[in-house]
Amino acid sequence: MISRAWLIPILPLAASLVILFFGREREDSPLPFVGIAAIGASLWIALRILFDVALGTLALPYENDWSWFSFAADLKGHPFILDMRAGVLVDGAAAAMLAVVCLVSLLVQVYSLGYMRGDAKFKRYFAYMSFFTASMLGLVVSNNLLVTFGCWELVGVSSYLLIGFWFEREAPAYAAKKAFITTKLGDLGFFLALLLTFLYAGSFNIVRVKDVVEMGYMPPFVVTLIGLGLLSGAAGKSAQAPLFIWLPDAMEGPTPVSALIHAATMVAAGIYLVARCYFVFAASPLAMETVAWAGLVTAFLAATMALVPYDIKRVLAFSTVSQLGFMMCALGVGGYTAGLFHLTTHAFFKALLFLCAGSVIHAVHTNDMRSMGGLSKRMPLTFLTMVVGAAAISGIPPLAGFYSKDLILEKVFEHSPAMFGVLALTACLTAFYTFRMLFLTFWGDGRNNERVSRAEESQAVMTIPLLILAALSLVSGWALEHAWAASPGAAGPGAFASLVGPGVAAAEHGATGAARHVNPTVLAASVTAGACCFIALAYSLYCGPDLGAAERLKARFLPVFKLLENRWGFDAFFLALVDIADRVADLAKWVDTEVIDKVFVDGWGVLTRIAAEISHLFDALFVDQAVDGCGYLSRDWVGAGLRGLIARGQVQEYLLYLAVGVSLFAIMK
């Protein structure tokens, strides 16, 4: 089955083209089922590959490629033929990621049948979703960094189309542009890293580049630059500080789009890129430490920003940024398995939380949690599944988030107790803001009876995906941990490290930081107890018919709340940069039009015109008159005079002149 891995991205790509170019656009178009069938087939192949990996019947990594293009070239007198090859590369991380992306995408698309039914662009929506999924799957499975970069950009284009799906409204159109432009800042670093990689490795093939790095053929400073460039790209796509400003505004797209972006596609791409090229970071302590601190700062800042919004989707957006910070920090401290473990479990419970939010929004027609409350009675199934998702992301045992987040915290503690303290506090804040969202949405009495009284449970096509994701959020952490314990890989639990090799093994065993022995049970128990205390605090503040206690707390710490509502000033900072850029552009325009055009270009034109007029006048008064004067003299004076002297009709005179001329010619010769 692994020989058919190339079909996994091709099937949804073909489906997206079929949906887009065939059939008429209508609200009940049957073409979306083509996309669902295609992603279902891709999921079947991905699951078969994952089961084979889990059973140990596959030798990983598996690579199969073909010639993409080739040409002859000459480099400083050394002729060579460049054969660019493209293909698939499946290691443990790719096998897991393929299954996760396909599964979440399938559930989101099934859910969308109910959520998007009746939309005027129903068919187009599913074409974009299939294209989005295909782009992400191509990124996951590619063995060529150049192809990876191409799929990386296609993921960006897809997100632009889906975030701005309702482009006729101002907010989605602005959010789409903001996401696209912000991520391009990070992509510049990724592109420069690709150039350096090809310059020193002579190839984009991931396995070849890995060999060059591990054999020491690449200078250490170059490895560091490549690592920082890759981190730049990952920071854009996976919303790491300071490039996370686009993600909260990306909520303007349809809620199922948000679920797919936040759970398994765009924001997962950056984490996966760092994991895919982990051999680069393992060879550069500076790059590794930068990854760790970028993740730590992002996790904490985003968690604090999630404390104050009343938009249910915005809370989840900041939550995603924070959880991505956890993953990035884990990778930076050598927790390769921990980071990918959390990437896997997070995909399930974050998709669940977003789809639950979509179910609520679909019922009450608002994102504002201040207009909700009391929905547990009206929407019991959505409420119960959201409780599962909230408990999972809060790290409550025995749900999935407990296992993956606990492993991250253990690795961070081994690296630095101070970093552990910040990340443990962030985990407690996660529990607070998640249950704040849950209590404001479902608990107590309805704060807007007109909306709440009309709410009812979503249809089965929307609730069945919720139940499946809730089940995965319950058991995936335990199942994955026990599966890894049963089949340890080369660098710690699991087959995740089947490609990255010895460098990861060293990192996993604490080579990037001094190991500090601690009882993992004590760490897990202390963080879980802290999370439970913060859940109790959220209950005391937000469970009731009004927000009195919370509003009094907000009034007491109003400057802090304002700072968090303003996102620590990051948006204002970037808008100030945009304003500076606009002013520089205006200045450049003025210099171009008023100085360069008028003074230099137009002035030079005037000078050349004056010079031309002077030249014309000189030519007319002197050159032409001199030529005409010479002609007049030779014709009317000299010629006329000679005619009068020698042209008298005497033949003997003419013969004399001829003889004199011949004699002179003979003498001169």
Side-chain angles (χ1 to χ4, degrees), residues 175 238-252 255 258-259 261-263 267 295-329 342 346 349-354 356-358 360-361 367-370 372 386-387 389-396 401 405 408 422-442 527 530-531 533-539 541-542 547 550-551 553-554 557 560-571:
S238 288
Q240 299 297 289
L243 298 180
F244 55 55
I245 60 169
W246 66 270
L247 195 56
D249 296 288
M251 299 303 96
E252 296 295 339
T255 302
S258 302
I261 289 176
H262 287 250
V267 298
L296 182 71
V297 171
T298 301
F300 177 74
L301 291 180
T304 59
M305 290 185 281
L307 299 173
V308 297
Y310 287 104
D311 185 314
I312 188 171
K313 290 175 65 178
R314 195 143 293 175
V315 173
L316 291 175
F318 285 122
S319 170
T320 299
V321 177
S322 183
Q323 297 305 304
L324 293 168
F326 272 86
M327 300 171 206
M328 196 70 81
C329 187
H342 197 54
H346 175 264
F349 53 71
K350 183 50 61 71
L352 172 62
L353 289 170
F354 264 107
C356 286
V360 170
I361 294 168
N367 293 19
D368 194 337
M369 294 184 292
R370 290 170 294 189
M372 300 179 190
M386 199 165 197
V387 168
I393 198 174
S394 300
I396 304 300
K405 192 177 291 186
I408 289 176
V422 175
L423 213 58
L425 174 60
T426 304
C428 294
L429 293 177
T430 301
F432 178 85
Y433 66 67
T434 304
F435 276 86
R436 169 185 178 265
M437 174 190 67
L438 183 74
F439 294 143
L440 284 174
T441 304
F442 290 100
V527 176
C533 292
F534 275 74
I535 292 172
L537 177 61
Y539 180 86
L541 288 174
Y542 294 101
L547 305 180
E551 290 299 322
L553 182 66
K554 179 178 179 179
F557 298 100
V560 177
F561 274 78
K562 287 293 184 183
L563 179 64
L564 298 181
E565 286 176 346
N566 292 327
R567 308 178 190 180
W568 288 91
F570 279 98
D571 278 57

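The shortest distance between side-chain heavy atoms of V360 and F442 falls below 4.5 Å. Looking at heavy atoms from C-beta onward, M251 lies in side-chain contact with F354 at the 4.5 angstrom threshold. Residues L440 and R370 form no side-chain contact, since every pair of their non-hydrogen atoms from C-beta on lies 4.5 Å or further apart.
Of all non-hydrogen atoms in Y433 and A303, the two that sit nearest each other are CD2-O, 3.6 Å. Pairing each heavy atom of F432 with each of Y542, the nearest pair is CZ-CE1, 3.8 Å. For D571 against I245, the heavy-atom pair with the smallest separation is OD1-CG2, 3.6 Å. Residues A241 and V297 share a closest heavy-atom pair of CB-CG1, 4.4 Å. Between F318 and A306, the shortest heavy-atom contact is CB-CB, 3.6 Å. For A427 against V527, the heavy-atom pair with the smallest separation is CB-CG1, 4.1 Å.
The closest donor-acceptor contact from the side chain of T304 to the backbone of L301 lies under 3.5 Å. Proximity of a side-chain donor or acceptor of S322 to a complementary backbone N or O of A299 within less than 3.5 Å is detected. For the pair T430 (side chain) and S394 (backbone), a donor-acceptor distance under 3.5 Å is absent. The backbone N or O of V315 sits nowhere less than 3.5 Å from a side-chain atom of S319 that would complete a donor-acceptor pair.
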**OP:** I would like to know whether R436 and L541 meet side chain to side chain contact (heavy atoms under 4.5 Å, CB included); could you show each step before the answer?
**Re:** CA-CA 8 Å; R436 169 185 178 265; L541 288 174; over 6 Å; no

**OP:** Please assess L324 against Q240 for the test side chain to side chain contact (heavy atoms under 4.5 Å, CB included), listing each intermediate value before the final yes or no.
**Re:** CA-CA 8 Å; L324 293 168; Q240 299 297 289; 3.5 Å; yes

**OP:** List the steps, then state whether side chain to side chain contact (heavy atoms under 4.5 Å, CB included) holds for W246 with D249.
**Re:** CA-CA 6 Å; W246 66 270; D249 296 288; over 6 Å; no

Original post:
side chain to side chain contact (heavy atoms under 4.5 Å, CB included) between T255 and K313: does it pass, once the steps are laid out?
Top reply: CA-CA 8 Å; T255 302; K313 290 175 65 178; 3.3 Å; yes

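A cation-pi geometry, defined here as NZ or CZ lying under 6.0 Å from the six-membered ring centre and within 45° of its normal, holds between K405 and F326.
Atom CE of residue M327 and atom NE2 of residue H346 lie 4.5 Å apart, to the nearest 0.5 angstrom. Put simply, CG on L353 and OG on S258 are 12.5 Å apart, with the number rounded to the nearest 0.5 Å. Note that the CD1 atom of I312 and the CG atom of D368 stand 10.5 Å from one another [nearest 0.5 Å]. Taken to the nearest 0.5 Å, the CD1 atom of I393 stands 5.0 Å off from the OG1 atom of T434. Interatomic distance, CG of L425 versus CZ of F300, reported as 5.5 Å (0.5 Å rounding).
Taking the six-membered ring where the residue is Trp, F570 and F244 present perpendicular rings, their angle passing 60° and hence far from 30°. A tilted orientation is assigned to the rings of F349 and H342, their planes being inclined by 30° to 60°.
Partners of R314 according to the side-chain hydrogen bond (donor to acceptor under 3.5 Å, both in side chains) rule, which considers only residues two or more places apart in sequence or in another chain, do not exist here. Residues satisfying the side-chain hydrogen bond (donor to acceptor under 3.5 Å, both in side chains) criterion with K554, sequence neighbours excluded, are E565.
When ring centroids are compared, Y539 and F435 stay outside the 6.0 Å threshold.
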